[in-house]
Amino acid sequence: LAAVARSWPVLFGREPEVIPETAVPLPEATDREGLLQWLDARHSALTEMIRHAAAGGRHWHAARLATALWRYQYLRGLRDEALDCLRIALDSDRAAGDRAHQVEVLLQFGHTHRALGELDEAVRRLADSRALALELGDRKGALLALASLGWCQRQRWRLAEARACALEAAEGFRELGDADMETNLLDDLAHIDLLVGEHESAAAAFEKSVKVFTDRDWIQNLGAALAGLARVRLRGGDPDAAAELLEQALDAYRRAGDGYGQAFVRSRLAQARACQSGPERAEAAALAEHALASTAAVPSAELR
């Protein structure tokens with residue numbers, strides 16, 4: 001748990017829930033690639049540790065190792081493995097009577113089901129997370145679940161409902177003084193503006209997001225914001241600017257270790273090249289990007 005938790009600041013630009021003290025030597029890697037390789041090599045052992053801890057009655061450790069490992073699993077597209085670990089975590093929290101931690105476990109369930117396209121199950125889990133957070137007075141947890149429910153509404157093309165969720169969550173984080181999370185929600189609104197054709201407001205919000213995500217080292221979020229801004233530029237008839245932004249987005253996803261993010265950006269880059277180069281060169285570029293995309297991991301997405 002200490003080793004996995006210590007990877008968070010480097011891989012995700014965030015502090016973990018807890019880093020327990022331990023006399024066991026921890027990995028020395030301080031770069032993304034080194035830490036990802038360390039986790040890749042040990043993922044199966046770590047998931048077995050979660051099962052072993054739960055079976056031995058170490059419910060606190062089992063649940064927190066599952067939620068600490070989840071962000072790496074999400075990045076790498078390990079959806080089924082993540083769900084297995086989260087089921088153990090939820091059972092462990094229930095056995096220990098740890099309702100507060102169930103808020104996070106249910107939130108991660110929702111994210112995972114949404115990434116799999118299982119929107120009904122995602123909404124159910126997220127609604128449970130929000131209801132429990134409200135009952136316990138965990139306002140931040142409730143706002144995170146509300147924001148994620150907005151993502152589900154966006155995927156269902158219920159854009160008015162998605163906007164309402166994002167606006168309410170953004171206002172809530174502003175009241176809590178959490179400027180980073182407020183920016184995240186404004187980025188969500190930019191994606192909605194892009195979908196409905198409000199390009200000027202979308203561009204302004206994406207530009208702000210790019211700066212904040214760069215400063216915070218939130219690499220996956222940065223890739224998504226750059227790709228969103230590129231789409232605005234492409235719709236505005238500037239394929240050269242779009243292509244440059246997409247190259248930057250591709251680099252961000254590559255540094256994050258997000259294979260699907262890279263595949264998504266390559267598809268957009270082929271579209272930009274089509275506008276730059278004409279149909280014959282565009283077809284060749286698209287076929288090349290398709291070959292690369294076919295080796296990508298299961299779909300991923302930016303995370304809060």
Side-chain angles (χ1 to χ4, degrees), residues 1 3-17 32-33 35-44 46-47 49-50 62-90 101-119 121-126 129 141 144-145 147-152 154-155 180-181 184 187-188 191 213 216-225 227 249 252-265 296-304:
L1 175 57
V4 173
R6 276 198 6 177
S7 73
W8 276 46
V10 177
L11 291 179
F12 312 116
R14 300 165 188 272
E15 292 300 319
E17 177 186 7
R32 284 191 179 88
E33 185 176 355
L35 283 170
L36 284 172
Q37 289 176 355
W38 190 91
L39 287 164
D40 288 343
R42 291 161 178 80
H43 176 253
S44 294
L46 290 166
T47 58
M49 286 179 187
I50 294 169
R64 278 156 184 79
L65 181 53
T67 50
L69 187 62
W70 175 82
R71 194 171 282 271
Y72 157 80
Q73 291 172 321
Y74 194 97
L75 173 67
R76 287 308 213 195
L78 301 167
R79 305 288 187 248
D80 292 336
E81 294 87 343
L83 290 176
D84 287 343
C85 292
L86 290 173
R87 291 185 189 102
I88 296 171
L90 191 58
H101 193 252
Q102 289 179 44
V103 172
E104 177 66 14
V105 174
L106 291 167
L107 180 69
Q108 292 181 354
F109 262 120
H111 279 307
T112 307
H113 285 296
R114 181 184 61 81
L116 287 167
E118 299 167 355
L119 295 182
E121 184 64 13
V123 168
R124 183 177 76 83
R125 293 293 195 177
L126 293 169
S129 178
L144 287 170
S148 297
L149 284 166
W151 282 15
C152 294
R154 193 173 81 195
Q155 285 187 236
D180 290 347
M181 287 306 307
N184 242 323
D187 186 73
D188 286 358
H191 284 283
F213 296 157
R216 299 296 181 270
D217 206 27
W218 292 359
I219 303 300
Q220 278 183 290
N221 302 59
L222 174 62
Y253 279 123
R254 187 182 296 116
R255 287 187 288 130
D258 186 336
Y260 177 75
Q262 294 175 59
F264 168 76
V265 170
V298 175
S300 182
E302 73 279 9
L303 276 180
R304 290 175 176 76

* Asked: At what distance, to the nearest 0.5 angstrom, does CG of Leu83 lie from OG1 of Thr112?
  -> 5.5 Å

* Could you state the interatomic distance from CG (Leu119) to CZ (Arg154), rounded to the nearest 0.5 Å? -> 12.0 Å

* Asked: Should the ring pair Tyr74 and Trp70 be called parallel, tilted or perpendicular, given that the plane angle runs from 0 to 90° and is split at 30 and 60?
  -> tilted

* Do the non-hydrogen side-chain atoms of Val4 and Leu46 ever get within less than 4.5 Å of each other? -> yes

* Structure fact -> On a heavy-atom basis, the closest approach of Ala89 and Val105 is CB-CG2, 4.1 Å

* To do: Measure across Ala249 and Gly223 and return the closest heavy-atom pair with its distance rounded to 0.1 Å.
  => CB-O, 3.5 Å

* Looking at Ala68 and Trp8, what are the two nearest heavy atoms and their distance? -> O-NE1, 3.0 Å

* Picking from Arg32, Arg14, Arg255, what satisfies side chain to side chain donor-acceptor pair (under 3.5 Å) with Asp217? -> Arg32

* What are the two closest non-hydrogen atoms of Pro16 and Ala5, and how far apart are they? -> CG-O, 3.4 Å

* Asked: Taking it one step at a time, do Cys85 and Gln73 satisfy side-chain contact (heavy atoms from CB on, under 4.5 Å)?
  -> CA-CA 10 Å; Cys85 292; Gln73 291 172 321; 3.7 Å; yes

* **Residue pair Arg125, Leu90: steps toward the side-chain contact (heavy atoms from CB on, under 4.5 Å) verdict** => CA-CA 12 Å; Arg125 293 293 195 177; Leu90 191 58; 3.6 Å; yes

* To do: Test His113 against every option in Gln108, Glu121, Arg124 by the side-chain contact (heavy atoms from CB on, under 4.5 Å) rule and name the one that passes.
  => Glu121

* From CA spacing to verdict: side-chain contact (heavy atoms from CB on, under 4.5 Å), Leu126, Leu107 -> CA-CA 6 Å; Leu126 293 169; Leu107 180 69; 3.7 Å; yes

* Test side-chain contact (heavy atoms from CB on, under 4.5 Å) applied to Arg87 and Phe109, step by step -> CA-CA 9 Å; Arg87 291 185 189 102; Phe109 262 120; 3.8 Å; yes

* **Smallest separation among heavy atoms of Ala3 and Trp38, with atom names** => CB-CH2, 3.6 Å

* Do Asp187 and Asn221 come within less than 4.5 Å of each other through their side chains, counting heavy atoms only? -> no

* Could you state the interatomic distance from CG (Leu106) to NE2 (His101), rounded to the nearest 0.5 Å? -> 10.5 Å

* Test item: Thr47 and Asp84 side chains (from C-beta on) under 4.5 Å apart, heavy atoms -> no

* Could you tell me whether the side chain of Glu17 and the main chain of Arg64 form a donor-acceptor pair under 3.5 Å? => no

* Gap between atom CD of Glu33 and atom CG of Asp40 - 0.5 Å precision -> 10.0 Å

* To do: Could you tell me the separation between the CG atom of Leu75 and the CD1 atom of Ile219, rounded to the nearest 0.5 Å?
  => 11.0 Å

* To do: State, to 0.1 Å, how close Asn184 and Trp218 come at their nearest heavy-atom pair, and which atoms those are.
  => ND2-CZ3, 3.2 Å

* Asked: Angle class for the Tyr72/His43 ring planes (parallel below 30°, perpendicular above 60°, tilted otherwise)?
  -> tilted

* Answer whether the closest heavy-atom distance between the side chains of Leu36 and Arg76 falls below 4.5 Å. => yes

